[in-house]
Amino acid sequence: MSGRSAGASGSPFAPHTADETAAMLDALGVDEEADLFDIPDEVAFDGEFGIPQRGERAVVGDLRETFARNDDLTEFLGRGHYSHYVPAVVDDLSSRSEFLTSYTQYQPEITQGFLQALFEYQSILVELTGLPVANCSMYDAATALAEAALLSDRVRSTSGSTVLVPGDLRDGKRATLDNYVDGSDLSVETYPYDDNTADLDALAELVGEDTAFVYAETPTVTGAIEPDLAAVGDLADEHDALFCVGSDPVALSLLEEPASVGADVVVGEAGVLGLPASYGMGLGLFACREEYLRQVPGRLVGESEDADDRRAFTLTLQTREQHIRKERATSNICTNQAWVALRAAMHAAYLGPDGLVDLAEDCVRDAASVAASLDALDGVEAPLDDRHHFREFTVGVDDAPGVAAGLEEHGFAVHTLDDETLQVCVTDLNVDAADDLVAAFAEVTA
Amino acid sequence: MSGRSAGASGSPFAPHTADETAAMLDALGVDEEADLFDIPDEVAFDGEFGIPQRGERAVVGDLRETFARNDDLTEFLGRGHYSHYVPAVVDDLSSRSEFLTSYTQYQPEITQGFLQALFEYQSILVELTGLPVANCSMYDAATALAEAALLSDRVRSTSGSTVLVPGDLRDGKRATLDNYVDGSDLSVETYPYDDNTADLDALAELVGEDTAFVYAETPTVTGAIEPDLAAVGDLADEHDALFCVGSDPVALSLLEEPASVGADVVVGEAGVLGLPASYGMGLGLFACREEYLRQVPGRLVGESEDADDRRAFTLTLQTREQHIRKERATSNICTNQAWVALRAAMHAAYLGPDGLVDLAEDCVRDAASVAASLDALDGVEAPLDDRHHFREFTVGVDDAPGVAAGLEEHGFAVHTLDDETLQVCVTDLNVDAADDLVAAFAEVTA
Amino acid sequence: RNEPLLSEKDSTEVDPGEGSALPDELTRDSLELPGLSEPELARHYTRLSQMNWSVEAGPYPLGSCTMKYNPSFADDVAADPNAAVHPDRDPETVQGNLELLYGLQEYLATIGGMDAVTLQPPAGAAGEFTGIAVAKAYHERNGNDRSEVIVPASAHGTNFATAAMAGYDVVELPSGEDGRVDVEALEAAVSDDTAALMLTNPNTVGLFERDIVEIAEIVHDAGGLLYYDGANLNALLGRARPGDMGFDIMHYNVHKTFATPHGGGGPGAGPVGVVDELAEFLPRPRVRKAGEAGRIGAADGSDTATAADGGALAGHDHDHGNADDNEEGDSYELFDPEHSIGKVHGFSGNWLVLIRAYAYIRRLGDEGLLDASAKAVLNANYLADLLDLEVPYGPFHHEFAATAGERDAADVAKGMLDYGVHPPTTKWPEMVPEAMLTEPTEVENKRSLEDLANAFNEAFADTDEELHAAPTKTASRRVDQTSAARNPRLSWHALDESRNASENANGE
Amino acid sequence: RNEPLLSEKDSTEVDPGEGSALPDELTRDSLELPGLSEPELARHYTRLSQMNWSVEAGPYPLGSCTMKYNPSFADDVAADPNAAVHPDRDPETVQGNLELLYGLQEYLATIGGMDAVTLQPPAGAAGEFTGIAVAKAYHERNGNDRSEVIVPASAHGTNFATAAMAGYDVVELPSGEDGRVDVEALEAAVSDDTAALMLTNPNTVGLFERDIVEIAEIVHDAGGLLYYDGANLNALLGRARPGDMGFDIMHYNVHKTFATPHGGGGPGAGPVGVVDELAEFLPRPRVRKAGEAGRIGAADGSDTATAADGGALAGHDHDHGNADDNEEGDSYELFDPEHSIGKVHGFSGNWLVLIRAYAYIRRLGDEGLLDASAKAVLNANYLADLLDLEVPYGPFHHEFAATAGERDAADVAKGMLDYGVHPPTTKWPEMVPEAMLTEPTEVENKRSLEDLANAFNEAFADTDEELHAAPTKTASRRVDQTSAARNPRLSWHALDESRNASENANGE
């Protein structure tokens, strides 16, 4: 039998035949690989992990069984993690090994493909946000928001140190933000919502000299579209605080671009394009004004020329980054979400501006339509505010946990916000089941 | 809205914007595409097919629903269509568009990759069969057998015109063979099996001056391994008839190579490597002796050199083929199963000789073991012959259709051969469920 | 640089008989093959792929091959594990498969104007063979012993080979001066011996056979059948149907017209459609809705179908109504046509290809199919208009045969390689000297066609010396085909032998 | 040739407000973006891919990056539609996800010799941040206000940046002459202000910190915690565990050690393991088996676990017994550690990456993991042995820092590009002049290493002129980084502006 098979008890991904291994050990003058290790006995591990080696078929079979243990529910869930239908060609192209198994573009001469794709991603975000600088990605919307707050600590023109965020901010964002600012001089405070969007009067009271950063979302965590984002921006501007807007690329295809309402930074979840439902995995959108360019966290791709004066792309302004600047870097981020950014750009280019706007418009219309259907039911009120909605809205019922449990039995998952409030999110992926959801609501609340 | 979207009611795969279409029409001096067609009114079609255009998501959803209507049975089915576990990497690599969407290698300078892969496939079959010539593929085992018979019509050294095949030949092969020889001078006759393999005495009686072609399978359609293939070959040889052996690459990894028992041609189903269960789609194996080289049907890839004297591959001996030789071609085959051949070669190279032999050995041992377990049941006899088996074997029961129906209710599919005979096929893909199958047999036959 | 052969990366000899459960006389003594680790395998085939042209690489205007873009979603659905079943399954347990096959039979019948369709033939040539076998069975059943099949000189080589394989004498019909069938020559050629005329329409230089109705009459009057080669159907989608022109039998190249991938040469699929009178001869089994048993061969479930048609062999009205009327509650069954020719494939043909074709037709619908032919024809005309090469015959549709004139068409093709495009089919059909048969399909846009035209014109303008030296920018330079054919080396075993032989020769 | 930008292929302006259900003041007036048909999209990204290096292209020996082969089957299981669920699902309805997460927590704890693991950090640097935040929370809860984190000069840049982000002053520790931690310098550096020492072992030139037990004692005696940067864990799999060396906190780079694809820069995942005493500070939520509620932070279900361990901060015996003891009947639940630092990601981290890591560990098992480190170290040593470049420090393990000496390491790297390999990490770590930090990983075989060595040696022997002119065989030649940074053009909008500006300038 061949040496390769003889080594089959080792790593299936180490391509050494027994003969090759022997020749290599021989060249190094050692008897076995263990002789090459310089580990003192006192810390050497001679135990076992107790993990058996398994064939590929067994592992695949096991995992398929494991995932089959998830209940098959039709999800009407959102609140920060949204999925739209991702065309098969995006999977196909992004899965090409040249993209998937490559790494950071330290050698631009042999990584022009990914560099150009990231440059295009940046460009799409520039168009969507109206801001001239967008980076190659943050981890997700929460860390993008947190990095934006830290940016304000580096660039703010006021002496303020307060970060103002909605009290209704999703916990995952707030808790991440709290951790990120913990090492800075910033502190986080909240402003209230009125009717599920910013209470401008209350905010006006709160914004002041100590304000470094004001964050507003549109759509908000309950899907409400801020009716007057510019007013929030004006309040921030009056006190030279950074104005940061949270949104996503689908919403931004339709909504007024943040730059035009005074946004200094835009953050959000760009994985609404290109990424299927993935248990919260995301793609942090980060764009800002040009004057903050050298304070931007994360990677940037820029245009340049090669030795033949042909257009070429390269990572640029790397002196902001940790591998050069160490503790004075703009962030510690290194590995990011580049591949997800690639997918988001592919998806955007597939849809084109019309497709994006159509998708966004459906997010408005479908939410309104499903809300109206629910509202028509006895004992159900939807939405619970007087706003326009994007994808999702709140629903009032008598016994929210009970209704949610009942819906689950009918095969539907919705959010339970409190004893009397549910939240429902409608996208192209579940809209065909919306009538069934409404029927289930009717049955459960009857 | 963009021209592309405006054209969205057309083909989504025609990339013309409305502006581009207009400019092109303008350049041609016509108002619309219809003006370019030269179709007389009397045969013009102005009806509708009644097929609505659907979005990608809808089509994918529809087809998933359609396939979900197949019952989820664990298959113990063989009889000519076998599947083994295909490693994920084979899917991944063969799905690369450079392979999948390319066509026949008419321009070798830009198709070296596929040409080399086919050359490697041919080489693997040469090793497995022991014969020096293997083509790039036939459609499946049935058409390969039929083409082999036609080959005997072109090259035979006798005046005979009888094609001798087992009476137990699978109907799909026999019926295809009958069609193919219908236009030749050949006629098909059968020889009997004894204990599920060739009845040598009877065969000796049948072979004679009028015999052009003798076909034997190992394993046979019921999984029996021919105990003395050489004896069949000798009978053919005595009368200068072509001796053709049917097998498959997994079986050939373990069994005596056909060339050494006198085979002039080897045919069979090579899709046992690389191809998942696919409702009978196949890959026709075709290999033969060197002296028939210029009579081989199908494509051949050969080594050559390029203008820089570097090794290069090319389709060769194309004067055998229909696009050059027209009605004097060795076959009408043009489009073949090249991509499946690519996958088979990948799978073989992944397994290596050890892996192939291990897999083949399992086909022998698992069949024997499951047969023994079934044989131990009251009222069940397995196998029904005294042969060694490869993958599959026959099973005797009192009421075969009833038992098969009962097994189906337990979630298993087996073959029903007649009122008292079933057939069971065991591979790496179902062997883990073999104990459950035996238990179901026990219950159903109790 | 070359990628080494698998056998040069690893070659291991094992003794399969050692420790086998089989007796020694049944096992082989040696098996020597490469065995690569997964990382090595991935690199090997990734590198090979990098030396291969594909639709995604750029224009692929091979005339008569219809190299369309193959949409990704169709690959996805073909990979659905629920579709991966064994062909011997009890039909009641694979209703999903049968529903799809039935639906595809319906779609194809409607698109071609045919009455009944078999999906079994695994390729276009297999479809031709099936169709001619059906014709033969029809004649034999009617007691007609006919011996000839007429094929235009410009036809695909498969037509000739198919007719010969089916045992017919081939009568070659010269082209008329206008590039179309010479009706007088046809009249002279037909006789009591005429089993069928095989025809492609538009023909292989892209021309519509304007006299098709007359042609059909001539053949039918002689008692022959009219066979339609579907290779060029992409030109006619939604605009003309072979059934309406008088064809009795046709095959569909789903890997051409319906955008299934060509896979480096295959698999494809070559379903065959026939008129009602021939349905009972189709290969077995076919699929029908349960309850349709009374209607011979009728694959359609529409009440408005062809029941009332007269004389299928002399023009008919194939109205399938809505081809898209599968309903969820329907169940399906297999049945054997009464006088079936038997089988042309061991099982049901190339299932994974048929899935894709069905998905594609469903995606495009009427509008998409109509637009596909519109843009395919627009593209061919726009491209030809930009060329410096003459196009002798027209008006053409989805493809045209330019002539390289004094230049060698194969050399011009090699020159084009250096401009980053795939050249057209060369030196065929023979009716055009130094032909460059070009079919851009609908998937190229204006800019892409202009780039392609530029490659054509630049190569056409190159000197003979430049063309002889071409290509220079490809993975391999000009490959010596003569050497390959003169001394065939068809396996790595042969390379070793060849090397040993030459070493021995040198050593002597 | 260059592939045009998306925006050069198509650019369409639309008015999103037109016909919108939203009032005008909420909608934008204009959106100008490319929209490509699927065939164009496929060609665009296929061509871009052809201008990109990958593991399948050839050797990718980037030091500290562990560019292993990423097995295909792991991609397949990550794409399982049943795994594609929303993070807010009722935990009882996603038991499959929780089972996998629990199992991965267990595997990682066992492999690292840790007691509790969080899978939330989406990257290595996020793991570092999580770990340091845990350390900070621990000290604060114990009433210790510590202000410094000690980082060796040779450490990864992320260590410095992380400590700073967490609000610590960074104390840089110079390397000893032997390339390892200078124990005396460490003794001088530690104090009541020392919150933690961050260490990589083997360090960034591949050396094992032989004095690790003494180092741990020094830090622990000062009341500090020991943080392990898992970037180099591939060297130690199955041979040494950070927990056994005295580390209190560690992160795992699953995209390095556990072969998940690097995706052109991400996503990765940076799970963090800690000793029992720190488990209650980990991010929320974590996963446990139902019924384990009594055991704070204990992710393992083994009876032989660390319950009896003394002094977690001063050496402990992390025996998880069999890490592979998930059973089908088990159910899982989420829980919040009592003093959790909160969250470091909006949801649960990079789920699609975690699936792959779990699948990889299950595939390899003990034997595979042990062999991975064996072959990674063998490969690094074999490669170094073949090089003409000096390697100043040793004995090294999975990576080594060769020095280009008088040559410019970045230039040598560019020269290597023309030999068809990816060069190593250059000019880092700084302790080695003109460093070429090289990590071949276990996926190269003997021949591949010899080819790589050849590329090194050939480039190293090239003249300065040749190196300055390199590369010549790549998609782009040497890219001007200075121009990119001096005049940043970061979007196609900027290109237009830049073009307009230059046209205006020329016009004046």
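Chain A is the first sequence line, chain B the second, and so forth, proteins listed ahead of strands; every chain is numbered from 1.
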Answer with side chain, backbone, both or neither: which region of D/Y69 has an atom nearer than 4.5 Å to a non-hydrogen atom of chain A?
side chain
Describe, in one word, how the ring planes of A/F13 and D/F73 are oriented to each other, choosing from parallel (under 30°), tilted (30 to 60°) and perpendicular (over 60°).
parallel
Kindly compute the distance separating [atom1] ([X]) from [atom2] ([Y]), expressed to the nearest 0.5 Å.
X: A/R311; Y: D/S476; atom1: CZ; atom2: OG; answer: 10.5 Å
X: D/T93; Y: A/E408; atom1: OG1; atom2: CD; answer: 5.0 Å
X: A/L252; Y: D/L31; atom1: CG; atom2: CG; answer: 9.5 Å

Within the 4.5 Å heavy-atom criterion, are [X] and [Y] side-chain neighbours or not?
X: D/W53; Y: A/S102; answer: no
X: A/F49; Y: D/I361; answer: no
X: D/P267; Y: A/M281; answer: yes

Which pair of non-hydrogen atoms, one from A/G183 and one from D/K136, has the smallest distance, and what is that distance?
CA-NZ, 3.7 Å
Determine, for [X] against [Y], whether the closest basic-nitrogen to carboxylate-oxygen distance falls under 4.0 angstrom.
X: D/R28; Y: A/E256; value: no
X: D/D88; Y: A/R170; value: yes
X: D/R363; Y: A/D62; value: no
X: D/R489; Y: A/E305; value: yes

Within the side chain of D/D366, is there an N or O that forms a donor-acceptor pair under 3.5 Å with the backbone of A/I51?
yes
Any donor-acceptor pair under 3.5 Å from A/N332 side chain to D/A125 backbone
yes
So which part of A/V301 gets closer than 4.5 Å to some heavy atom of chain D, the side chain, the backbone, both or neither?
backbone
Can a side-chain donor-acceptor contact be found between D/E444 and A/H16 if the only test is distance below 3.5 angstrom?
no
Pairing donors with acceptors under 3.5 angstrom, does anything connect the side chains of D/E56 and A/T101?
yes
Centroid separation A/F37 to D/F208 less than 6.0 Å
no
Kindly state whether the ring of D/H86 and the ring of A/Y279 have centres lying under 6.0 angstrom apart.
no
Sort out for me which of A/L73, A/I324, A/L293 touches chain D most, counting heavy-atom pairs under 4.5 Å.
A/L73
